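Encoded as C-alpha cells, the structure appears first; notes follow it.
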Amino acid sequence: MQAQTETNQATNDGTENLDVYSSTQAVIKEALTQLGYDEDMYEILKEPMRVLSVRFPVRMDDGSIQVFTGYRAQHNNAIGPTKGGIRLHPDVNEDEVRALSMWMSVKCGIANLPYGGGKGGIVCDPREMSFSEIERLSRAYVRAISQIVGPTKDIPAPDVFSNSQNMAWMLDEYSHLREFDSPGFITGKPLVLGGSQGRERATARGVAICVEEAAKVKNLELKDARVVIQGFGNAGSYLAKYMSDAGARVVGISDAYGALHDPKGLDIEDLLERRDSFGTVTKLFKNTISNKELLALDCDILVPAAIENQITKENAKDVRAKIIVEAANGPTTTAATKILDDKGTLIVPDVLGNSGGVIVSYFEWVQNNQGYYWTADEVDARLQEVMRHSFHSVYDTARRYHVNMRVAAYIVGVRRMAEAARWRGWV
Ligand code: NAD
C-alpha cells in the first residue's frame, strides 16, 4: 500500500497523479493502519460493496430516442442505509462515482450519522437539455435504479447540476412505483414536498462554522480577517455572505471565468444580487485577475469552493493563507497537502468542511420519518452542534495521532464503519 501512496504523489513520468479514487483508497488505508486494523478490513472498505451501472432510453423533444448511462454506488451499509447525491454531468464516470460514495461514508462517519456512503451519476449535460427532457431523464434514472434505493436502503440527494426540482420528479416517480412509500426516499426536496428548512444554505453554513472553529484554534480574530473564496456558486456565494456578516473582509472571489480582488473587501451583497444561477459574476467586471492569481493572494483564510485539483504541487508554495477550509470536493492534491503541512497551514479537509449538506439532509430524512418539521432556527442550532463536535473530534484526533487533519478525518470517519463491520462478523 505504501507503493500506492507514492504513486498517488507522482506518476512515472514525474507529473502529479490527480486520480481521486486511488488517493481516497490511500487515506482509508492509512486511517485503518493507525486504528490497528489489518488487510481484511481494508479489503472490505477499499471499494463500494455494490455499483449498479444502467443504460436507459429517454425520448428527446424532437422525437428521437437517446440512451443515457447512469451509475449508483453504495460503499458500505454496516452502519445503516447508504446516502449520497446524484450528479448530472458529462464527465460522470464509474470511478468518480465510486470514489464519491467512499467520501460520503467518511463524511457520514465524522458527523456520526446512521448512514454509509452512496453516490449516483448520469452522464449527460443538463445545460444542453430542455426542462421536459431533464424531467424524463430524472424519472427514467429512478426507474432504472429503483430496486436498490429506498428510505431504508439508499437515499439520494442533489449534487452537481441537480437540484430540488430533480428531487421532486424523482420522488414523484418513486412514489408511483412504490405506492407512496415515504418522502424520506430522497432529500433536498422542495419544502412543500417534505424538504427541510436550511437545506439550500447548509453546505455554506457548515463551511462557515468550520472557518470559525479553525480561526479559534489558530488564534485568529475572524473580525477583519481577510478571506478568499474560489467559486461563487451555491457553496461559495452563501459562504461569502456568512463571512461578511461575521465581520470578515472577503478580499477575493472567483468563478469559472476569472476572479475579483479588493484588499479593502468586496461588496458581497452587490455580487450576490448580480450573480447568475450558475454562479457567474466576474464577466460583469473589467479589472479581473485569474483563478491562479486568486489562490496566491495575501489572505488569512482560503476557501476553495469550485472544483477538484486546484491546489497542486505547482502552486501550493504560492498559497499564503494560514487556514484552508475545503468546501469543494478534492481541491488540494496529496502532494500539495504535504507542501502546505510543511508550511504549517491548517487544512480543514473536504470530508469535514463540506459535510453541512449531508447533515441537513439527514435532518430532512429524520423529519420525514417522524412527520414533524423543525423551524429554521432549530435546524441551524442542530447543525451548529454537529459541525462543532465534528470539527473538534477531527482536530483532537489529529493531535492525538500526530497526523494532519485529512488523515484524522479519515480515522474518525472510518472508525465506526469498521467497528460496525466487525460486530456484524464481516471481518
Ligand atoms: P455550483 O455549480 O453552484 O458553483 C460552482 C462555482 O465554481 C461557480 O461559481 C463556477 O463558476 C465556479 N467554477 C467552475 N469551474 C471553475 C474553475 N475551473 N475555476 C474556478 N471556478 C470555477 O457548485 P456548488 O454547489 O457551489 O459546489 C462547489 C463545490 O462544492 C463542488 O466541488 C461540490 O462538489 C462541493 N460541494 C457542494 C455541496 C453543496 O451542497 N452545494 C455539498 C458538498 C460539496
Side-chain angles (χ1 to χ4, degrees), residues 18 20 83-92 96-97 99-101 103-104 106-108 110-111 117 119 121 125-127 156-164 166-167 187-188 195-196 198-208 210 228-242 252-260 271-272 274-284 288-295 302-312 315 325-332 348-362 364 383 387:
L18 305 178
V20 289
K83 175 104 192 73
I86 297 168
R87 181 169 287 202
L88 309 188
H89 198 277
D91 297 340
V92 162
E96 181 190 64
V97 174
L100 290 167
S101 75
W103 289 356
M104 286 306 298
V106 177
K107 278 188 212 184
C108 295
I110 294 168
K119 202 71 172 193
D125 194 343
R127 293 166 298 190
D159 196 82
V160 176
F161 290 160
S162 59
N163 55 29
S164 55
N166 301 92
M167 301 303 109
T187 60
S196 177
R199 177 65 183 81
E200 196 189 332
R201 294 175 179 224
T203 301
R205 183 73 183 116
V207 178
C210 284
V228 167
I229 302 171
Q230 185 191 37
F232 207 62
N234 173 279
S237 67
Y238 288 134
L239 175 70
K241 171 87 174 109
Y242 284 123
I253 63 106
S254 76
D255 58 28
Y257 304 94
L260 304 174
L271 296 176
L272 281 171
R274 297 169 74 179
R275 67 157 193 154
D276 70 14
S277 61
F278 292 104
T280 307
V281 71
T282 63
K283 277 180 172 175
L284 304 172
T288 56
I289 58 171
S290 69
N291 265 285
K292 192 165 174 257
E293 289 167 311
L294 175 97
L295 295 172
L302 172 63
V303 181
I307 54 168
E308 66 282 350
N309 295 328
Q310 292 302 291
I311 307 175
T312 64
N315 64 352
V325 180
E326 296 180 338
N329 283 315
T332 317
V348 179
D350 47 9
V351 283
L352 169 62
N354 67 28
S355 60
V358 69
I359 293 168
V360 176
S361 266
Y362 165 61
E364 180 175 332
L383 175 60
M387 281 307 303

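For ligands, and for the atoms within them, numbers begin at 1 and follow the listed sequence. These numbers were taken from a predicted model, which means no experiment stands behind them.
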Give me the nearest non-hydrogen protein atom to [atom] as residue plus atom name, then the distance to 0.1 Å.
atom                    : value
atom 39 (C) of ligand 1 : T203 OG1, 3.2 Å
atom 26 (O) of ligand 1 : A235 N, 2.8 Å
atom 28 (C) of ligand 1 : A305 O, 3.3 Å
atom 9 (O) of ligand 1  : G279 O, 2.7 Å
atom 36 (N) of ligand 1 : A327 O, 3.8 Å
atom 19 (N) of ligand 1 : N291 ND2, 3.6 Å
atom 44 (C) of ligand 1 : N354 ND2, 3.3 Å
atom 13 (N) of ligand 1 : A256 N, 3.7 Å

request  = Check each heavy atom of F278 against ligand 1 and say whether those closer than 4.0 Å belong to the side chain, the backbone, both or neither.
outcome  =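 Within the 4.0 Å criterion, F278 contacts ligand 1 through backbone atoms alone.
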key: For ligand 1, the portion of N234 having any non-hydrogen atom under 4.0 Å away   =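 Under 4.0 Å from ligand 1, N234 contributes backbone and side-chain atoms.
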inquiry  = Is there a polar contact, in the sense of an N or O pair closer than 3.5 Å, between G236 and ligand 1?
reply    =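 Between G236 and ligand 1 (N or O atoms, distance only) the closest approach is not under 3.5 Å.
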key: Any I311 side-chain heavy atom under 4.5 Å of P304 side chain   =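 Yes. Closest side-chain heavy atoms under 4.5 Å.
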task = Assess whether side-chain contact (heavy atoms from CB on, under 4.5 Å) is satisfied between E326 and N354, documenting all intermediate values.
result = CA-CA 7 Å; E326 296 180 338; N354 67 28; over 6 Å; no
inquiry  = Check whether Y242 forms a cation-pi arrangement with R205 (NZ or CZ under 6.0 Å from the six-membered ring centre, at most 45° off the ring normal).
reply    =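 Yes.
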Please check this pair: side chain of [X] against backbone of [Y], looking for a donor-acceptor N/O pair closer than 3.5 Å.
X    : Y    : value
S254 : G231 : yes
D255 : G258 : yes
N163 : N166 : yes
D350 : T332 : no

In this structure, does ligand 1 have an atom that sits under 4.0 Å from one of the heavy atoms of [X]?
X    : result
E326 : no
N329 : yes
G357 : no

request  = Can you sort out which atoms of ligand 1 are near R87, meaning under 4.0 Å from one of its heavy atoms?
outcome  =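 Counting atoms of ligand 1 from 1, those under 4.0 Å from R87 are 34 (O).
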ask   = Could any protein non-hydrogen atom be found less than 4.0 Å from atom 7 (O) of ligand 1?
value =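 Yes.
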query = Just checking, any donor-acceptor pair under 3.5 angstrom between side chains of S162 and R87?
reply =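 Their side chains do not contain a donor-acceptor pair, so the 3.5 Å distance test is not met.
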Closest to atom 29 (C) of ligand 1 (judged by heavy-atom distance), picking from G188, S237, A306 =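 Heavy atom nearest to atom 29 (C) of ligand 1 belongs to A306.
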ask   = How are the rings of F278 and F161 set relative to one another: parallel (under 30°), tilted (30 to 60°) or perpendicular (over 60°)?
value =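 It falls in the perpendicular class, over 60°.
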key: From CA spacing to verdict: side-chain contact (heavy atoms from CB on, under 4.5 Å), Y257, V281   = CA-CA 9 Å; Y257 304 94; V281 71; over 6 Å; no
task = Kindly check if the number of other-residue, nucleotide or ligand heavy atoms within 6.0 Å of CD (E96) is above 12?
result =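 Buried by this count: over 12 neighbours within 6.0 Å.
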